[in-house]
Undergrad: 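Here's a structure for you.
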Amino acid sequence: MKEVTSGDVLSLCKRRGYIYPAYEIYGGIAGLYDYGPLGTVLKENIVALWRRIYALQEGFVEIDGDNIGPEAVFKASGHVDSFADLSVTCKACGESYRADHLVQGLHPNPDSLSAAELQRLLRENDVRCPCNGELADVEEFNLMFKTRIGPGGGRIGYLRPETAQSIFVNYPNLYRYCREKLPFGCIQVGRGFRNEISPRQGVIRLREFNMMEAELFVDPEDKTWPRYEGIKGKQVRLVPNVTGEEVETTYGEAVEKGTIGNQTLAYFMWVTFDFLTSVGIDPVRLRFRQHLSTEMAHYAADCWDAEVLLSLGWTEVVGIADRGCWDLSRHMEHSKADLTAFKRYDEPQDVVRDAIRPKFGALGPRFKGAAGDIKKQLEGMDASAVHDGKVTVKVDGQDLELDGEYFEVVQVQEKETGVRVVPHVIEPSHGLDRILYACLEHAYGEKEDGYLTLGLKPLVAPIKVGVFPLMAKDGMEVVAQALDLALREEGIATYYDDSGSIGRRYARMDEAGTPWCVTVDYDTLEQGDVTIRDRDTAEQVRVSADDVVAFVKERLKRKLSP
RNA sequence: GCGGGCGUAGUGUAGCUGGUUAUCACUUGAGCUUGCCAAGCUCAUAACACGGGUUCAAAUCCCGUCGCCCGCACCA
């Protein structure tokens with residue numbers, strides 16, 4: 001077998017209709033690619049398996065949110081601020097730096113400065129490049145695509161940089177839909193957009209990309225997981241951030257030692273492993289690496305990347321992050337909506353507390369119309385609000401002190417049936433394009449003589465069966481066409497081909513990644529059996545033509561697990 | 001964004017010290033042939049990234065733009 005390069009794979013992709021550079025006749029645009037006929041189906045098949053796992057096996061619900069969102073959403077999510085890079089380039093040596101890094105020590109909080117402020121600070125202090133070259137102007141670059149919603153000025157909007165926000169902003173709807181119980185999960189398959197500075201490496205870094213994201217809302221105090229028992233003994237390859245060394249261990253051991261933060265995280269790492277290997281990623285070239293605290297995204301508390309070894313090096317394909325309460329808290333602050341979950345106690349608890357009770361007889365005559373509002377304020381307070389026998393309320397925007405004439409502190413007995421908590425979010429986020437590419441590269445096999453086979457897993461292969469008459473004559477083509485129709489009627493994608501030599505047709509299917517080829521020959525006309533050729537071994541078995549559908553279906557089956 | 005390399009049919013390439021109709025192979029299509037692994041024969045389709053300049057003449061030289069690859073920086 002020859003060493004594979006990404007160029008080989010992309011060349012095959014284009015030749016066979018998997019991936020095309022976008023807008024090619026106009027010269028192309030970096031970071032934009034189109035999926036061709038086979039690529040589209042491969043992508044759909046990968047998504048279908050993913051849905052099967054998350055929706056059917058794990059019980060997540062699915063939504064389909066908008067690609068465009070108003071500015072407020074991304075202010076709250078942190079993307080407007082955190083996705084902006086302020087950079088500055090040395091005029092002499094061409095080196096570029098993050099502007100805020102260069103003024104470290106000159107300002108208590110460089111991160112908070114605007115481009116103009118940074119510019120001034122750099123100039124005033126005559127900051128120079130380490131090579132002593134002069135620095136060019138500070139440039140601002142936000143990784144989000146900005147647009148305007150509506151005519152005229154309109155509202156500022158952005159193309160979403162991740163699909164996740166559509167789920168977070170729908171939290172109240174989803175919480176209700178899921179019968180107000182934790183944990184519950186929601187998935188979404190869709191596009192995200194990031195205006196990358198330099199998209200490279202084919203479909204690995206795109207400006208418009210496909211994501212499959214799952215957001216699991218859990219009780220912050222209970223990150224155990226029922227099906228964890230079934231997977232804790234399984235092997236896993238980890239690169240923890242404390243050592244940076246690759247270790248082979250089990251999920252159970254990693255959770256016990258605290259390497260992996262909790263059971264839920266561990267469980268979904270296993271789900272990720274199961275998914276990735278099922279779509280054809282080589283388990284030997286797959287590992288989980290924990291983010292260093294410095295590379296963690298602004299929203300993440302802990303993050304493990306599933307990394308796949310490609311010709312381009314170890315490449316992240318899935319990020320499994322514990323986002324904590326970051327997103328929901330931020331959206332609560334910005335939107336004022338209630339994004340909590342109500343945790344019911346097993347037994348209602350009797351709670352005794354000191355409450356403030358308004359004295360209506362005094363409040364009414366004195367404050368007239370404002371009395372109702374004062375009552376509300378007092379009832380919302382706790383006895384701890386009382387200082388020196390007085391409490392402060394607001395009347396017409398003015399602070400006003402009330403003494404014991406207007407209220408009393410009394411002990412009340414209340415029943416508490418539960419508490420409100422902001423759920424934590426565990427997020428397995430999948431880069432669909434990268435996964436698809438990894439499938440192709442791991443499936444790519446080239447012999448010394450240049451013979452290409454794409455060993456895609458049958459489950460994801462765009463074409464399942466090539467159907468050929470040995471030769472297009474003597475009625476063999478009629479039988480083959482009938483068999484082809486029978487397969488398609490059962491939902492099995494086929495490719496009928498009666499041109500040229502049989503070997504050439506096998507070769508064509510091998511390169512397209514088709515797992516089986518069925519050939520109708522002279523014996524078929526007499527005995528009714530056909531040959532089924534296996535792509536990976538080139539071996540043939542004779543099977544009755546009537547059993548071909550069952551043969552294929554049996555091999556496309558997949559059980560729910562674990 | 002900076003530095004270096006590069007851009008010729010669907011793919012991989014030759015030509016690039018300027019000069020007929022741009023080389024070769026594979027692929028693709030049609031036909032003959034073909035009794036199971038890219039067989040053979042005939043024919044056909046198909047390319048100088050884009051724009052400008054120099055010149056009698058540009059794939060070739062110059063400039064610009066776009067794109068690709070590598071390194072740096074940045075990032076998921």
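Letters go in sequence order (proteins before strands), and every chain restarts at 1.
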Undergrad: Just call it for A:L32: base, sugar-phosphate, or nothing, with non-hydrogen atoms closer than 4.0 Å on any strand.
TA: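 Counting heavy atoms under 4.0 Å across all strands, no contact is made by A:L32.
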
Undergrad: Could you pick out which residue, A:D521 or A:I204, lies toward the 5' side of RNA chain B when each is mapped onto its nearest nucleotide?
TA: A:D521

Undergrad: According to the interplanar angle, ranging from 0 to 90°, do the rings of A:F168 and A:H331 count as parallel (below 30°), tilted (30 to 60°) or perpendicular (above 60°)?
TA: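 A:F168 vs A:H331 ring planes: tilted.
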
Undergrad: Base, sugar-phosphate or nothing for A:G202? Non-hydrogen atoms, less than 4.0 Å.
TA: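 The answer is sugar-phosphate, as A:G202 gets under 4.0 Å only of primed atoms, P, OP1 or OP2.
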
Undergrad: For B:G67 versus B:C48, give the span between their C1' atoms, rounded off to a whole number of Å.
TA: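 The same atom, C1', in both gives a distance of 16 Å.
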
Undergrad: Using atom C1' in both nucleotides, what's the gap between B:U17 and B:U60 to the nearest angstrom?
TA: 10 Å

Undergrad: Whole Å only: how far is the CD atom of A:E477 from the P atom of B:U34?
TA: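 Rounded to the whole Å, the gap is 16 Å.
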
Undergrad: Determine the interatomic distance between P on B:A30 and the same-named atom on B:A22; round to the nearest Å.
TA: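 Result for the P pair: 27 Å, nearest Å.
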
Undergrad: Side chain of A:R508 only, heavy atoms from C-beta on: which candidate in B:U11, B:U34, B:G29 is closest?
TA: B:G29

Undergrad: Closest to the A:A507 side chain: B:G35, B:C36, B:A38?
TA: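 Selected nucleotide: B:A38.
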
Undergrad: Would you please indicate if the ring centroids of A:F288 and A:F273 are separated by under 6.0 Å?
TA: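 Ring centroids of A:F288 and A:F273 are no less than 6.0 Å from each other.
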
Undergrad: Rounding to a whole Å, what distance do you find between A:D523:CG and B:C36:C1'?
TA: 11 Å

Undergrad: What is the separation between atom CD1 on A:I532 and atom P on B:C36, rounded to the nearest whole Å?
TA: 18 Å

Undergrad: So which nucleotide from B:U11, B:C36, B:A39 ends up closest to the side chain of A:I502?
TA: B:C36

Undergrad: Looking at every strand, decide which applies to A:A30 at a 4.0 Å heavy-atom threshold: base, sugar-phosphate, or nothing.
TA: sugar-phosphate

Undergrad: A:Y54 and A:F275: aromatic ring centres closer than 6.0 Å?
TA: no

Undergrad: Does A:Y437 have its ring centroid less than 6.0 Å away from the ring centroid of A:F209?
TA: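 No, the ring centres sit 6.0 Å or more apart.
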
Undergrad: Can you check the A:L143 CG to B:G1 P distance for me, whole Å?
TA: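 These atoms are roughly 14 Å apart.
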
Undergrad: What's A:R505 touching, base or sugar-phosphate or nothing? Going by heavy atoms closer than 4.0 Å.
TA: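 No contact.
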
Undergrad: If I pick the P atom on B:A46 and the same atom on B:G3, what distance separates them, to the nearest angstrom?
TA: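 Per the computed distance, 41 Å lies between those P atoms.
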
Undergrad: For the residue pair A:W304 and A:H291, is the inter-centroid distance of their aromatic rings smaller than 6.0 Å?
TA: no

Undergrad: Could you give the distance separating B:G29 and B:G4 at their C1' atoms, to the nearest angstrom?
TA: 43 Å

Undergrad: Please determine if a side-chain N or O atom of A:R504 lies less than 4.0 Å away from the OP1 or OP2 oxygen of B:C37.
TA: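 It does not, given that no N or O in the side chain of A:R504 lies less than 4.0 Å from OP1 or OP2 of B:C37.
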
Undergrad: Check every strand shown and say whether A:Q540 touches a base, only sugar-phosphate, or nothing at a heavy-atom separation below 4.0 Å.
TA: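 The residue A:Q540 makes base contact.
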
Undergrad: Mind calculating the distance between CD (A:E24) and C1' (B:A47) to the nearest angstrom?
TA: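 Rounding to the nearest Å, CD of A:E24 and C1' of B:A47 are 13 Å apart.
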
Undergrad: Tell me, yes or no, whether the heavy-atom count around A:Y451 atom OH, taken from other residues, nucleotides or ligands under 6.0 Å, exceeds 12.
TA: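 Enclosed: over 12 neighbouring heavy atoms sit under 6.0 Å from OH of A:Y451.
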
Undergrad: So, A:H334 versus A:K75: side-chain donor-acceptor pair below 3.5 Å or not?
TA: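 The criterion, which ignores hydrogens and geometry beyond distance, is not satisfied for A:K75 and A:H334.
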
Undergrad: At less than 4.0 Å, is any side-chain N or O atom of A:S501 found next to OP1 or OP2 of B:A39? Yes or no.
TA: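 Yes, A:S501 has a side-chain N/O under 4.0 Å of OP1/OP2 on B:A39.
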
Undergrad: Assuming nearest nucleotide by heavy-atom distance, tell me which of A:R207 and A:G500 is located more 5' along RNA chain B.
TA: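 The 5'-side residue here is A:G500.
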
Undergrad: Would you classify A:F468 as touching base, sugar-phosphate or nothing, given that sugar-phosphate means primed atoms plus P, OP1 and OP2, and contacts are heavy atoms under 4.0 Å?
TA: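 Answer is nothing: A:F468 stays at 4.0 Å or more from every strand.
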
Undergrad: State the pairing partner of B:U17; accept Watson-Crick or G-U wobble contacts with both distances under 3.5 Å, and report none otherwise.
TA: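 B:U17 is paired with nothing.
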
Undergrad: With the stacking rule set at 5.5 Å and 30°, tell me whether A:Y506 counts as stacking on B:A38.
TA: no

Undergrad: What's A:S11 touching, base or sugar-phosphate or nothing? Going by heavy atoms closer than 4.0 Å.
TA: sugar-phosphate

Undergrad: P atom, B:U45 versus B:G52: distance in rounded Å?
TA: 29 Å

Undergrad: Looking at CD of A:E477 and CG of A:L470, how far apart are the two atoms once the value is rounded to the nearest 0.5 Å?
TA: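 Spacing of CD (A:E477) from CG (A:L470) equals 11.5 Å.
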
Undergrad: Pick the C1' atom in B:A44 and in B:G10, then give their distance to the nearest Å.
TA: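 After rounding to an integer number of Å, I get 16 Å for this pair.
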
Undergrad: When the distance from CG of A:L10 to C1' of B:G67 is rounded to whole Å, what number comes out?
TA: 14 Å

Undergrad: So which nucleotide does B:C2 pair with, by the Watson-Crick or G-U wobble rule with both distances under 3.5 Å?
TA: B:G71

Undergrad: When we call it a touch if two heavy atoms are under 4.0 Å apart, what does A:S499 touch: a base, just sugar-phosphate, or nothing?
TA: nothing

Undergrad: Have a look at A:E511 and say if it touches a base, only the backbone sugar-phosphate, or nothing, with a 4.0 Å heavy-atom cut-off.
TA: base

Undergrad: Provide the distance between the two P atoms, one in B:A25 and one in B:G40, to the nearest whole Å.
TA: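 Roughly 12 Å separates the two P atoms.
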
Undergrad: Return the nucleotide paired to B:A22: Watson-Crick means purine N1 to pyrimidine N3 with N6-O4 or O6-N4, wobble means G-U with N1-O2 and O6-N3, both under 3.5 Å.
TA: none

Undergrad: Whole angstroms only, please: what is the CG-C1' distance between A:L454 and B:U11?
TA: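 To the nearest whole Å, that distance equals 16 Å.
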
Undergrad: Whole Å only: how far is the NZ atom of A:K447 from the C1' atom of B:C37?
TA: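 Distance check: A:K447 NZ to B:C37 C1' gives 9 Å.
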
Undergrad: Answer with base, sugar-phosphate or nothing: what part of the nucleic acid does A:I25 contact at a heavy-atom distance below 4.0 Å?
TA: nothing

